[in-house]
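Quick caveat: nothing in here was measured; it's all calculated off a predicted structure. So that the names make sense, note that chain A is the first sequence line, chain B the second, and so on, each numbered from 1.
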There are 2 protein chains.
Amino acid sequence: MSVTIKDVARKAGVAPSTVSRVIHGNPKISEETQERVRQAMGVLGYHPNAAARSLARGRSYTLGLMIPNSEDDLFVKPFFIMAMRGLSIEAQRRGYNIMFSFSSGEEEEVSLLKRFVRTNVVDGVILMTSRRDDKCMAFLEEKNCPYVVIGRPESRFLHALWVDNDNVRAMYNLVAYFLKAGRRRIAFLGGPADFSVTRDRLRGYRDALKAHGVERDDSLVFLAPGFQERDGYALAGKILSGAMADAIAAADDFLALGMASYMEERGTILPIAGFNNTMKGSVIRPRLTSVDIQPELLGTRAAELLIGHLEGEDSLPPYSIVETILMERESTDPDFLSGNS
Amino acid sequence: MSVTIKDVARKAGVAPSTVSRVIHGNPKISEETQERVRQAMGVLGYHPNAAARSLARGRSYTLGLMIPNSEDDLFVKPFFIMAMRGLSIEAQRRGYNIMFSFSSGEEEEVSLLKRFVRTNVVDGVILMTSRRDDKCMAFLEEKNCPYVVIGRPESRFLHALWVDNDNVRAMYNLVAYFLKAGRRRIAFLGGPADFSVTRDRLRGYRDALKAHGVERDDSLVFLAPGFQERDGYALAGKILSGAMADAIAAADDFLALGMASYMEERGTILPIAGFNNTMKGSVIRPRLTSVDIQPELLGTRAAELLIGHLEGEDSLPPYSIVETILMERESTDPDFLSGNS
DNA sequence: CCCTCCAATGCAACCGGTTGCATTCATCAT
DNA sequence: ATGATGAATGCAACCGGTTGCATTGGAGGG
């Protein structure tokens with residue numbers, strides 16, 4: 001087997017407990033002894049056994065990451081992997097490991113989660129999406145197990161930590177950007193209304209109009225049944241014919257891209273912008289202006305929040321808002337759109 | 001704390017060792033006692049503590065997954081997340097957990113790997129990419145720690161398990177498909193020659209020509225300095241002007257897409273196909289014929305292989321070849337290309 | 001010189017399982 | 001009746017750390 005704390009103790013001529021104290025920086029150990037123990041550790045190549053440590057401390061220093069089933073194109077979007085990257089890097093920085101788990105449905109997800117928590121494999125849990133009536137959150141609340149959600153959880157989950165963008169403000173800023181450019185009839189193109197993302201962005205849209213003294217006109221608001229390109233494409237005709245819009249604020253790049261390809265077919269030119277700063281939006285012509293929601297930073301903040309909580313850093317707020325970044329590109333550039341570029 | 005094996009033992013009126021034996025299905029325990037113990041476990045809601053179990057068994061039942069730094073567009077491609085999905089699902093099926101770790105460079109990757117292995121956090125390791133002169137593999141060999149690589153490792157790594165596609169055969173099949181359609185001057189468009197993927201696919205290309213009695217003409221072979229769309233675009237002019245090709249077999253969808261967009265600009269129409277069955281290739285017009293390498297299945301097989309090895313299932317081969325699937329689409333459909341569709 | 005006090009370190013129990021070996025008891029052949 | 005046999009179960013050590021409490025020894029005060 002490998003080198004144990006007893007081997008180090010023997011080599012340094014001390015008790016195992018002394019070695020343990022040196023490792024943890026206990027100040028009661030004399031400089032001289034510390035040095036001897038460190039020497040011994042170095043020579044023997046000692047590395048503490050994780051399982052033994054977990055058992056003795058009653059903590060695993062491991063977080064569990066639940067990745068939802070792959071509905072739709074969730075995996076095509078780099079959101080998940082970028083968030084995982086942020087999570088992983090921050091967790092490593094603070095000495096935590098992350099265990100992940102894919103599932104093929106909510107039921108399986110819950111049962112995997114139960115295994116993680118009940119067998120004490122994890123100290124805390126990260127949920128990648130916030131669903132309505134979430135069984136995972138219900139279980140975690142019941143078990144009183146610390147967890148963090150990406151997205152805003154229902155208010156009945158009292159102990160939920162969460163990170164999210166301020167979607168109201170993000171859309172407010174986008175609309176304000178159009179208004180500043182002299183647009184007044186800005187259409188809103190969102191996804192299904194039962195997503196909180198949709199509702200929040202719609203509110204930001206309305207707030208911005210109101211704040212700038214533009215009268216509300218609900219004939220400019222369009223909600224698609226999904227977030228796919230075809231959904232944007234399907235609504236495009238209606239938007240162009242009826243609404244007399246002079247700009248399009250879409251709640252998702254794919255919606256915007258569907259709309260844009262329709263416009264291109266008809267030779268219509270209108271400034272348009274989306275959300276999520278997708279790869280496709282950034283390579284297509286005209287390159288699509290988009291609001292970057294910073295998925296990696298969402299992951300970083302989620303790890304910060306959860307670990308902070310586990311380490312007993314109270315006084316931490318239970319949530320964290322990640323700012324969005326407006327990536328200005330050709331699709332909202334007047335010069336480009338008028339061919340003067 | 002939670003329910004321990006002692007609680008169960010007390011409730012069932014037996015010794016902890018008996019409970020342990022019941023859990024492991026030891027046949028020496030009488031039916032009657034088994035039943036009583038199961039009852040007790042059920043009533044108390046017992047779940048064995050993972051750390052204690054790891055410590056006692058000297059195994060963590062955990063695999064470590066090293067994800068390389070995000071050079072280029074590695075993350076935009078869904079390859080990683082799909083492979084992770086396959087890994088995770090198979091590992092769960094066999095009672096293993098997976099710990100993952102992102103790094104921002106090879107040096108950091110190695111140091112994270114060392115932590116995993118030395119502290120006995122993991123029983124085995126999965127490497128997502130096979131690099132030349134890989135420090136991770138060198139360390140794992142030295143430590144004699146079981147590991148599996150996605151891609152083919154250098155032959156000096158004697159204990160490497162690996163999974164990969166048969167890239168020779170995959171390209172062979174693609175070229176044979178073109179030959180069957182009557183094409184004779186098929187251009188090969190590959191990435192840099194120092195990638196084994198490139199070399200293997202080139203060999204498959206040549207093998208296919210030879211097997212079908214078509215004379216080799218190296219003026220039809222083009223190697224790009226990268227795998228980006230712009231690399232394909234940059235080579236397109238050269239390919240079209242000099243080579244008199246009547247079909248394009250590209251070693252990557254993005255290379256093919258770059259080439260395709262150049263052709264579209266010039267009004268040239270040639271059948272073309274790529275590799276990796278990317279999202280973009282499947283939505284663009286004409287939809288791109290592509291070889292699907294089945295990333296999820298690569299993950300599944302990697303987990304199978306590594307776990308099989310850990311469980312001492314000898315007689316398992318040290319590698320596994322994942323078959324590829326040719327996704328035929330419009331870009332190689334003669335009817336579509338000639339406008340008869 | 002003796003007692004007190006504190007700094008430095010050791011002892012041993014404990015975390016929650018696993019497992020080799022001993023023990024018990026019923027069965028069976030002699 | 002008696003020892004052998006074997007099935008069922010318990011005992012206790014062990015995995016490798018952590019930590020409350022006891023112990024040791026030297027310095028300082030009376």
Side-chain angles (χ1 to χ4, degrees), chain A residues 1-38 40-41 44-62 95 97 115-123, chain B residues 1-38 40-41 44-62 95 97 115-123:
Chain A
M1 245 337 191
S2 33
V3 184
T4 75
I5 203 171
K6 284 168 195 161
D7 301 324
V8 176
R10 200 174 311 125
K11 179 115 190 163
V14 299
S17 49
T18 301
V19 177
S20 177
R21 290 193 177 101
V22 170
I23 292 171
H24 292 86
N26 187 315
K28 295 198 167 186
I29 306 296
S30 71
E31 278 299 336
E32 185 197 357
T33 305
Q34 286 192 31
E35 191 45 41
R36 219 155 20 126
V37 170
R38 292 229 174 72
M41 296 199 301
L44 298 177
Y46 169 72
H47 295 273
N49 178 296
R53 186 173 267 195
S54 291
L55 181 57
R57 304 210 271 214
R59 297 269 303 273
S60 66
Y61 289 87
T62 298
N97 289 127
R115 224 171 36 74
F116 272 173
V117 174
R118 287 177 172 158
T119 60
N120 290 294
V121 168
V122 303
D123 294 338
Chain B
M1 242 342 188
S2 31
V3 183
T4 75
I5 203 170
K6 283 167 195 161
D7 300 325
V8 176
R10 200 175 311 126
K11 178 112 191 166
V14 298
S17 50
T18 301
V19 177
S20 178
R21 291 192 176 101
V22 170
I23 293 171
H24 292 85
N26 188 314
K28 296 198 166 186
I29 305 297
S30 72
E31 278 300 338
E32 185 197 355
T33 305
Q34 287 193 31
E35 191 44 43
R36 217 157 19 132
V37 170
R38 293 229 173 72
M41 295 199 302
L44 298 177
Y46 170 72
H47 295 271
N49 178 296
R53 184 174 267 194
S54 291
L55 181 58
R57 303 211 271 213
R59 296 268 305 274
S60 66
Y61 289 86
T62 299
N97 289 126
R115 223 171 35 75
F116 271 174
V117 174
R118 287 176 171 158
T119 60
N120 291 295
V121 169
V122 302
D123 295 337

Does the side chain of B:Ser20 get closer than 4.0 angstrom to OP1 or OP2 of C:dT18 through an N or O atom? yes
For nucleotides 8-10 of chain C, tabulate all protein N/O to nucleotide N/O atom pairs closer than 3.5 Å, reporting atom names and distance.
residue	atom	partner	partner atom	Å
C:dT9	OP1	A:Ser30	OG	3.2
C:dT9	OP1	A:Thr33	OG1	2.3
C:dT9	OP2	A:Ser30	N	2.8
C:dT9	OP2	A:Ser30	OG	3.3
C:dT9	OP2	A:Thr33	OG1	3.3
C:dG10	OP2	A:Ala15	N	2.9
C:dG10	OP2	A:Thr18	OG1	2.4
C:dG10	O6	A:Arg21	NH1	3.4
C:dG10	O6	A:Arg21	NH2	3.0

Establish, with yes or no, whether the OP1 or OP2 oxygen of C:dC15 is under 4.0 angstrom from a side-chain nitrogen or oxygen of A:Arg57. no
Side chains of B:Val37 and B:Gln34 in contact at under 4.5 Å (non-hydrogen atoms): no
Quick one: A:Met41 CE to D:dG17 P, roughly how many Å, whole number? 11 Å
Compare all side-chain heavy atoms of B:Thr119 with those of A:Arg53 and state whether any distance is below 4.5 angstrom. no
Between A:Phe116 and B:Asn97, is any pair of side-chain heavy atoms under 4.5 Å apart? yes
From the list C:dG17, D:dG17, D:dC15, which nucleotide is the closest neighbour of the side chain of B:Ile5? C:dG17
A:Asp7 CG to D:dC15 P, in whole Å, measures 11 Å
Hey, are the side chains of A:Ser2 and A:Asn49 touching, using non-hydrogen atoms and a 4.5 Å cut-off? no
Does the A:Ser60 side chain pair with the main chain of A:Ser54, one donor and one acceptor, at a distance under 3.5 Å? no
Is A:Val22 close to A:Arg38 at the side-chain level, that is, under 4.5 Å between some pair of heavy atoms? yes
Distance in angstrom units between B:Leu55 CG and C:dC14 P, rounded: 17 Å
Think B:Tyr46 has a side-chain N or O under 4.0 angstrom from the OP1 or OP2 of C:dG17? yes
Roughly, in whole Å, what's the span from CG in A:Asn49 to C1' in D:dT18? 13 Å
Nearest whole Å is fine: how far is C:dG17 P from B:Arg59 CZ? 19 Å
Nearest 0.5 angstrom please: B:Lys28 NZ to B:Thr18 OG1, how far? 12.5 Å
Interatomic distance, A:Lys6 NZ vs D:dC14 P [rounded to whole Å]: 9 Å
Atom pair distance, as rounded to whole Å: OH in A:Tyr61 and P in D:dG17: 16 Å
